[in-house]
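The next block holds one structure in the form of structure tokens; read it before the comments.
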Amino acid sequence: MKKISRRSFLAVCGAMAATAALTACGGSSASTAGTAASGSTSGSTAGSAASGEVFELKLSTTQTDTSMIYQGLQAAADKVAEDTDGHVKVTIYPSSQLGGEEDMIDQALQGMGIAVLTDAGRLSSYVNDIGIMNMAYIVDNYEDGMKLMATDTFKGWDADLANNGICGLCYNYYDGARSFMGHKPYKTPADLKGAVIRTPGADPYVESISAMGATPYNIAWSEVYNGIQTKSIDGCEVQYTSAVSSKIYEVCEYVSKTEHINLFNMVICGQAWFDKLPAEYQEVMKKDFNDCAYNNAQDIIAAQADMEKTLTDNGMTIVEVDKDIFREAVKPAYEKLGWTELREQLYKEAGVEA
């Protein structure tokens with residue numbers, strides 16, 4: 001499969017950012033590329049950057065301030081401040097300091113200066129089909145995920161989110177691939193039968209994990225360590241970044257390396273707040289968040305081997321599995337959620353092999 005180059009990716013992101021800033025989230029610009037791509041504009045009341053007003057945005061995340069994604073978010077905040085001469089101030093609030101994701105999204109929808117690092121599963125409450133991005137085996141790697149995000153279908157979801165009051169600053173932060181971790185190895189879906197596995201409560205996660213044989217159970221991530229330790233749950237499905245930072249190796253013996261969900265994270269804010277920005281600041285925010293998210297993703301991808309070594313050095317056993325068996329098992333979940341044809345459509349648009 002042909003890989004997307006960083007230069008090509010950044011070019012796509014720049015075009016998408018300008019288009020989204022001008023159409024989905026309002027604003028205007030002399031960019032002919034943006035105008036051609038949009039076909040229409042929503043009309044914005046955004047003022048001029050020359051006014052000198054400072055626009056403040058509080059960015060909420062469940063990630064700790066020691067996580068790699070936090071570093072990527074801070075890089076974006078710093079770049080936005082630099083490129084707007086300090087007139088857009090983004091402050092990161094880690095570890096859910098401001099509150100839960102759903103509450104923060106509600107506040108953003110009310111027009112407050114709130115942004116949230118979230119995922120497609122939660123955004124599916126507003127635009128159902130975007131939830132497919134959190135389905136098991138929708139893509140096998142970051143680059144293929146980026147190809148799906150460059151499709152007209154995905155751009156349509158971005159516009160639909162804007163119509164629901166949500167402005168996507170970027171969709172391409174990445175936290176790695178999720179695998180099963182627990183007291184036992186899970187080499188096949190049959191091994192997961194009866195196993196109570198923690199997963200987020202959104203339908204894409206729940207249906208994917210159910211189809212692969214486990215019993216999904218939604219509790220806060222902060223409760224997972226104790227749950228596995230006391231055996232009130234059998235395990236979890238999680239990416240290496242969170243497994244290492246939470247020291248999950250202290251309570252789990254095995255990593256069953258299914259790598260079933262490649263976890264993309266998305267930074268959203270309220271359209272009403274975004275529309276207040278001058279058009280040039282809108283473009284800066286889109287571009288800087290996309291670029292920093294991409295760079296941060298490359299760092300996380302490069303760190304996977306070291307993080308796996310941390311897990312094994314602390315006593316965990318890596319269990320290699322036949323992923324094709326799990327891919328086959330999850331197909332009914334796509335059918336149940338009405339996404340079988342949608343998946344094929346996305347693959348065709350993106351040039352991604354099924």
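For reference, positions follow the sequence shown, starting with 1. Not measured: the values here are computed from a predicted model.
- Asp158 contributes no side-chain N or O that, together with a main-chain N or O of Phe154, makes up a donor-acceptor pair within less than 3.5 Å.
- Without hydrogens or angle criteria, Thr151 side chain to Lys147 main chain gives no donor-acceptor distance under 3.5 Å.
- Pairing each heavy atom of Gly111 with each of Trp273, the nearest pair is O-CB, 4.1 Å.
- Under the 3.5 Å distance criterion, with hydrogens and angles disregarded, no donor-acceptor pair is assigned to the side chains of Tyr186 and Asp234.
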Exercise. List the steps and the verdict of side chain to side chain donor-acceptor pair (under 3.5 Å) for Asn265 and Gln63.
Key: CA-CA 11 Å; Asn265 288 273; Gln63 300 272 347; 5.2 Å; no
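- Asp144 places no side-chain N or O within donor-acceptor distance of the main-chain N or O of Asp140, the cut-off being under 3.5 Å.
- Side chains of Asn262 and Tyr142: a donor-acceptor N/O pair is absent below 3.5 angstrom, by distance only.
- Of the inter-residue distances, the one linking Tyr254 atom OH with Ile318 atom CD1 reads 12.0 Å to the nearest 0.5 angstrom.
- Counted by atom type alone, Gln345 and Glu349 present one or more donor-acceptor pairs between their side chains at under 3.5 Å.
- The CD atom of Glu283 lies 11.5 Å from the CG atom of Asp288; values are rounded to the nearest 0.5 Å.
- In terms of heavy atoms, Leu148 sits closest to Ala350 at CD2-CB, 3.6 Å.
- Of the possible polar contacts, none joining the His183 side chain to the Glu253 backbone as a donor-acceptor pair under 3.5 Å is found.
- If you check the side chains of Glu237 and Tyr205, you find no donor sitting under 3.5 Å from an acceptor.
- Checking Thr258 against Ser256 by side-chain atom types alone, no donor-acceptor pair falls below 3.5 Å.
- Between Asp203 and Lys336 there is no salt bridge, since no side-chain nitrogen of the basic residue lies less than 4.0 Å from a carboxylate oxygen of the acidic one.
- A donor-acceptor pair under 3.5 Å links the side-chain atoms of Asn172 to the main chain of Asn290, judged by distance alone.
- Closest approach of Tyr173 and Ala76 over heavy atoms only: OH-CB, 3.6 Å.
- A donor-acceptor pair under 3.5 Å is formed between the side chain of Asp119 and the backbone N or O of Arg122.
- Figure legend: Lys286 and Phe274 shown as a cation-pi pair, the cationic atom lying under 6.0 angstrom from the six-membered ring centre and within 45 degrees of its axis.
- When atom types are taken as modelled, the side chain of Arg198 and the backbone of Ile219 share a donor-acceptor pair closer than 3.5 angstrom.
- Shortest non-hydrogen contact noted between Leu277 and Phe55 is CD2-CG, 3.4 Å.
- No side-chain donor from either of Asp106 and Gln110 sits under 3.5 Å from a side-chain acceptor of the other.
- Between Ile268 and Ile105, the shortest heavy-atom contact is CD1-CG1, 4.1 Å.
- To the nearest 0.5 angstrom, Tyr93 atom OH is 13.5 Å from Asp65 atom CG.
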Quiz item: Given Leu337 and Ile132, is the side chain to side chain contact (heavy atoms under 4.5 Å, CB included) satisfied, shown in steps?
Solution: CA-CA 9 Å; Leu337 293 172; Ile132 198 172; over 6 Å; no
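- In this structure, the side chain of Tyr174 does not engage the main chain of Ala293 through any donor-acceptor pair within 3.5 Å.
- With hydrogens and angles ignored, the 3.5 Å screen pairs no side-chain donor or acceptor of Tyr240 with any backbone N or O of Ser179.
- Contact check on Arg327 versus Asp324 returns a salt bridge, with a Lys/Arg side-chain nitrogen under 4.0 Å from an Asp/Glu carboxylate oxygen.
- Of all non-hydrogen atoms in Asn163 and Gln271, the two that sit nearest each other are N-OE1, 4.3 Å.
- In this structure, the side chains of Phe180 and Asp191 stay at 4.5 Å or more apart for every pair of heavy atoms.
- With hydrogens and angles disregarded, a donor-acceptor distance shorter than 3.5 Å links the side chain of Asn296 to the backbone of Met68.
- A donor-acceptor contact closer than 3.5 angstrom is absent between the side chains of Gln71 and Asp299.
- Lys257 has a carboxylate O that lies under 4.0 Å from a charged side-chain N of Glu308, or vice versa, which qualifies the two as a salt bridge.
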